Amino acid sequence: MSFIQRTHDCGEIHAAHAGQTITLNGWAHRIRDLGGLFFVDMRDRTGLVQLFIDPATFSNLQEIRHEACLSVTGEVRMRSEVTRNPKMPTGDVEVFVTSYSVLSPAKTLPFPLSDEEQMANVNEELRVKHRYLDLRRPSMYRKLALRARAISKIRTYLEEEGFLEVETPIITKSTPEGARDYLVPYRLEPSKFYALPQSPQQYKQLLMVAGIERYFQIARCFRDESQRADRQPEFTQLDLEMSFVTQEDVLDLIEGMTRTVVNELIQEFGLAKERVEPFVRLTYDEAVLLYGCDKPDLRFGLPLFDATTAVENSGFGVFRSTVEAGGMIRGVRYPGGANLSRKEVGVLEEFAKEFGAKGLATLAVVDGSAEEVVYTSKSGLGVKGSIAKFFSPEEFEAILAVSSAEAGDLLCFIADGYAAGNNVLYRLRNEIGSRCGLRDPRVLKFCWVLDFPLVEWNEDEQRWDPTHHLFTSPKHEDLIYLDSDPGRIRADCYDIVCNGTEWASGSIRIHQPDVQARICELIGLSAEVAQERFGHMLEAFSYGAPPHGGIAPGIDRLIMLLTDDENIREVMAFPKVGNGYDPMMDAPSTIDAQQWAEMGLRLS
RNA sequence: GCGGGUGUAGCUCAGCGGUUAGAGCGCCGGCCUGUCACGCCGGAGGCCGCGGGUUCAAAUCCCGUCAUCCGCGCCA
C-alpha cells in the first residue's frame, strides 16, 4: 500500500513554514474533539505539532484514534495571538489539514503513553511486554538518543586516540571463575557447551598479544546471576585494552574521554548536571577507612570516625567486649539527627540491622545548655542519649574530638569487626547523605579508587581469591609478600566510582608467564586446572606478550547516571524483567521435540 | 537460596468480615467553533492473581502457590 511520504518532521515546524503545504507522517498523540473543531497533536520522533482539522470537510474523524499511524497533508498556518501555545516548541503554528489517511489504526492502548505523569506508576512488566509502545514516549526516545550519542562520542574519541574497534565472539568457552555462565549446547558433541562471555576479558588480552595495541568494543556481556535494579542478564560495557602502558596511561585516557564525552552530552542534551571536574583519587585503603567501602559517594563529606581507643575501656559492655574480641567502634555523624525521636532512631537501627548490624548505638550532640544533657564538653557541646551514662568526661572529650561532632549531630556507632562494621557504616552514611539532601543530583562526582588488594581471603573455601581477576598484575614491589602475607599485596587495579556506584573496573595485566604461574598457585589453581581452563592464555603469553592493561566502564550505568534513572531497564531498549524473563518475546521458551533430539538433550 | 512490598475495571488506585465492589483517567455514545491534560451529559466494562481453608457470610481473615517490584546472599 502506498502512502504520501512526509515532507517535514513534526518537531521542526515553525513560523517560517507558514503558508507552505506540507505532509507529515506520525502518530495521533492526543486528540481534542470540540464538535465544530478537531485538534490532533501529531507526533513523530522529532516532536509534536498541532493539526487543525475542520469536521465539516471530513466525515469519519472518529477513525483518528489515540496512537493511530497517520499521513497528513495541510497548510502551515500561524496561530492567532490568543491561541498560541507557549508550552510547545511548535506552538506558534498549526497545520490546517486538507487531506489525511490512517496508515494503520490502533487498538485501545494497554497504558496511557501520552501521559508522562501516569506512566511513572504503570506496572513495569506491562511496559516491558509492550515495549514497542513504551518506547513511543518522547522521554524514552530521548534516553535511547542519549545512549546512542554517548556511544558515538566514545567511538569518535577513541578512534582519534588510535584505537581499533574489534568484535569478539558471543559464543565462546565457559571459564567458571566469576559469575555463572549462560550456556549454549553444542549440537555436534552433545556433552559440550559454549558459554556466552561474561566479558571479552580474555579476547581483549589476546588482541594485545596479537599486536593490536589499542582495542575497544561496545561489548555485550552476559552473567547469569540474580537481578537487581541496576543489573540485567545482558548488559553493555565499553571494553578497552592498551599495550605498552602503565596504570597512569589508562587513567589519563579514560579520565579525558569521560570528561569530554560527559561534558558534551550535558551540553547537547541540556542535562541538569554540572560539568565533570577532574577525578578525585583515593587508594582502596583510604576509601575503606574514610567511607567504609570501595565505592564512596564523594558528593558529600561525613567521613567515618574511629572511636575504638576512645571507648575501649568504657563502662559500655558492648563496646568494651567488641574491642576485646578484636573489633572496632566506628561511627558516622548524622547532622541534624539529634532531633530524631526515639522511634525514628529505632527505624535507623532497623536500617542498620538489615545490613548485618547487631545494633546501633547513638549519642545526641546538642548545645551544652540543653535539657537532659549528661555531659557538657569544654567547648560547650552537650551529650545525651541512652548510652551516655556509660562514659567518663575523658571519654566524651575523646569521642567528640574523633568525630568532629557539632551541635545537632547524632553520632551513630557500629561495634563490630572492621569489614562487617564498614559494610553497615557505608550504607548508613549514604542513607544519612540522602536524608540530609547532600547527594546533589546535579553533581557527577567521579573518583578513582586505586591500589586494590590483589587477593582476598575466602573464609568459606579457606583460600585466597582474586579481588579483580586472575590476570591482574600485582604491584611489583609487593611481590615480596607473596609467601608471607598475600593479603598485603596490592594490585595495579583501579575502579572508577561515581556518586557511590561502581562505574568502571580495570587493571594492568600480568604479561609474564612466571608471575602468572605464581599467582595461579597462590589462588589454589593447580597447573593442570590452569592449563585446562586457561591454557590458551598461558600459551599466548609465552610468545612475547606486551605489557598491557585496560578497563571496562558500564554503558548502561553511565546513561543511568546522566538520566537519574535508578533502574537499568529505563536505559535499555528491550530489557528483561527481574527473573530474566522477556514478557514481550516470551523468552526463554520451550523448544520443540526435534530441537531436543538434534541437541542430544533430555531433562534429567 | 532468603527477606520485605504489591496483585481489585484497559491504566492508576480506594474499599480490609456484612446490601448490587467504587473513583479518576481511558474506552463507547451524545452535545460542543479555538482547544492544547478541552469541557458537559450518558453508557459499557470486574473468576477482587490462582488454589485451599475458617465463617451464617471472604476482595477483606488464615495457609499454600504464581507473578511482579525492591533488597540480602550472589555478581572474578
Side-chain angles (χ1 to χ4, degrees), chain A residues 29-42 48-56 62 65-67 77 79-88 90-91 94 96 106-130 133-134 175-181 198-199 201-202 221-233 235 350-351 353-356 423-424 427 452 454-456 458 460 464-472 491 493 502 505-507 519 523 525 533-534 552 554 566-567 569 576-579 581 583:
Chain A
H29 184 71
R30 220 173 250 135
I31 296 155
R32 291 176 295 281
D33 179 0
L34 276 64
L37 292 170
F38 196 91
F39 297 100
V40 178
D41 289 338
M42 187 160 175
L48 294 170
V49 67
Q50 176 167 284
L51 309 179
F52 178 106
I53 305 179
D54 182 359
Q62 63 271 24
R65 286 161 47 92
H66 210 27
E67 291 303 318
R77 292 186 176 175
R79 298 203 212 176
S80 72
E81 199 61 49
V82 287
T83 62
R84 283 185 187 156
N85 184 351
K87 287 185 281 188
M88 283 175 82
T90 60
E94 63 192 2
F96 182 84
K107 292 197 298 185
T108 299
L109 301 167
F111 45 68
L113 70 87
S114 62
D115 188 330
E116 284 293 326
E117 208 169 301
Q118 291 188 54
M119 285 305 296
N121 296 320
V122 169
N123 182 281
E124 298 271 356
E125 188 191 8
L126 197 67
R127 286 180 54 205
V128 174
K129 184 177 171 65
H130 300 278
L133 293 176
D134 195 33
T175 52
E177 288 302 302
R180 197 176 294 113
D181 284 324
Q198 296 175 25
S199 79
Q201 181 62 36
Q202 295 183 33
C221 305
F222 305 86
R223 292 178 195 174
D224 185 6
E225 290 295 341
S226 75
Q227 302 299 290
R228 290 288 186 281
D230 60 351
R231 287 192 224 154
Q232 281 273 308
F235 60 97
E350 282 310 307
F351 175 88
K353 283 181 173 175
E354 281 174 45
F355 304 105
N423 184 45
V424 178
R427 296 169 197 267
F452 279 74
L454 182 74
V455 290
E456 53 199 350
N458 182 331
D460 296 338
W464 293 101
D465 282 344
T467 304
H468 188 50
H469 58 61
L470 86 163
F471 305 116
T472 299
C493 188
E502 182 192 314
S505 197
S507 63
I519 300 303
I523 63 176
L525 207 56
R533 290 185 191 168
F534 305 109
E566 308 257 305
N567 199 294
R569 284 188 300 267
K576 277 130 183 107
V577 296
N579 51 10
Y581 178 66

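Lettering of chains follows the sequences in order, A, B, ..., and the numbering in each one begins at 1. Only a predicted model underlies this, so the values are computations on that prediction, with no experimental measurement involved.
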Figure out the [atom1]/[atom2] separation between [X] and [N], and round it to whole Å.
X	N	atom1	atom2	result
Leu113(A)	rC25(B)	CG	C1'	14 Å
Phe355(A)	rG3(B)	CZ	C1'	12 Å
Lys87(A)	rU35(B)	NZ	P	12 Å
Phe38(A)	rU33(B)	CZ	P	15 Å
Arg223(A)	rC75(B)	CZ	C1'	7 Å
His29(A)	rA37(B)	NE2	P	10 Å
Leu37(A)	rC36(B)	CG	C1'	12 Å
Asp115(A)	rU12(B)	CG	P	13 Å

Rounded distance [0.5 Å steps], [atom1] in [X] versus [atom2] in [Y]:
X	Y	atom1	atom2	value
Asp224(A)	Arg180(A)	CG	CZ	5.5 Å
Gln62(A)	Phe38(A)	CD	CZ	8.5 Å
Arg231(A)	Asn567(A)	CZ	CG	12.5 Å
Leu454(A)	Thr472(A)	CG	OG1	7.0 Å

Within the modelled atom types, does a donor on one side and an acceptor on the other bring the side chain of Arg231(A) and the base of rC75(B) under 3.5 Å apart?
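By the distance-only test, yes, there is a pair.
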#### Entry: Check: rG34(B) base within 3.5 Å donor-acceptor of Glu94(A) side chain
yes
Identify whether any heavy atom of [X] sits under 4.0 Å from a base atom; if not, whether one sits that close to sugar-phosphate; answer base, sugar-phosphate or nothing.
X	result
Phe52(A)	base
Glu502(A)	nothing
Asn567(A)	sugar-phosphate
Glu117(A)	nothing
Thr467(A)	sugar-phosphate

Exercise for the section: Using the six-membered ring wherever Trp is involved, compare the ring planes of Phe96(A) and Phe52(A) and label them parallel, tilted or perpendicular (cut-offs 30° and 60°). Expected result: parallel
Check this for me: Glu566(A), atom CD, are more than 12 non-hydrogen atoms of other residues, nucleotides or ligands nearer than 6.0 Å? no
For RNA chain B, the residues among residues 120-129 of chain A that have a non-hydrogen atom under 4.0 Å from it =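 When residues 120-129 of chain A is checked for heavy atoms under 4.0 Å from RNA chain B, the hits, listed by number, are Asn121(A), Val122(A), Asn123(A), Glu124(A), Glu125(A), Leu126(A).
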Taken in chain and number order and not counting sequence neighbours, the residues that satisfy ring-ring contact (aromatic ring centres under 6.0 Å, His included) with Phe222(A) are none
Could you identify the nucleotide paired to [N], looking across every strand shown and requiring Watson-Crick or G-U wobble geometry with both distances under 3.5 Å?
N	result
rG1(B)	rC72(B)
rG64(B)	rC50(B)
rG39(B)	rC31(B)
rG26(B)	none

**Study point:** Glu502(A): salt bridge (charged side-chain N to carboxylate O under 4.0 Å, His left out) partners, not counting sequence neighbours
**Key:**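 Glu502(A) satisfies salt bridge (charged side-chain N to carboxylate O under 4.0 Å, His left out) with no residue once adjacent residues are dropped.
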For nucleotides 27-30 of chain B, list the nitrogen or oxygen atoms of the protein found under 3.5 Å from its nitrogen or oxygen atoms, one pair per line.
{"unit_1": "rC27(B)", "atom_1": "O3'", "unit_2": "Arg65(A)", "atom_2": "NH1", "d": "3.2"}
{"unit_1": "rC28(B)", "atom_1": "OP1", "unit_2": "Arg65(A)", "atom_2": "NH1", "d": "2.1"}

Check whether any side-chain N or O of [X] sits under 3.5 Å from a backbone N or O of [Y] as a donor-acceptor pair, and report yes or no.
X	Y	result
Thr90(A)	Leu48(A)	yes
Arg32(A)	Val40(A)	no
Arg223(A)	Gln198(A)	yes

Looking at [X] and [Y], what are the two nearest heavy atoms and their distance?
X	Y	result
Pro55(A)	Gly36(A)	CD-O, 3.3 Å
Met42(A)	Leu51(A)	SD-CD1, 3.7 Å
Pro466(A)	Ile523(A)	CG-CD1, 3.9 Å
Gln201(A)	His469(A)	NE2-NE2, 3.2 Å

Give every pair of a protein N or O atom and an N or O atom of nucleotides 7-9 of chain B that lie under 3.5 Å apart, one pair per line with the distance.
none

- [ ] Provide the distance between the two P atoms, one in rC61(B) and one in rC16(B), to the nearest whole Å.
- [x]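 About 10 Å, rounded to a whole number of Å.
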inquiry  = Using a 5.5 Å cut-off between ring centres and planes within 30 degrees, is Phe39(A) stacked on the base of rU35(B)?
reply    =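 Stacking between Phe39(A) and rU35(B): present.
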Is there a side-chain contact between His66(A) and Leu109(A) in this structure, where contact means two heavy atoms from C-beta onward sitting under 4.5 Å apart? yes
Give me, pair by pair, the N or O atoms of the protein and of nucleotides 38-42 of chain B that are less than 3.5 Å apart, along with how far apart they are.
{"unit_1": "rC38(B)", "atom_1": "OP2", "unit_2": "Arg32(A)", "atom_2": "NH1", "d": "3.0"}
{"unit_1": "rC38(B)", "atom_1": "N4", "unit_2": "Asp33(A)", "atom_2": "O", "d": "2.6"}

Under 4.0 angstrom between Arg84(A) side-chain N/O and rG34(B) OP1 or OP2: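 No, Arg84(A) has no side-chain N/O under 4.0 Å of OP1/OP2 on rG34(B).
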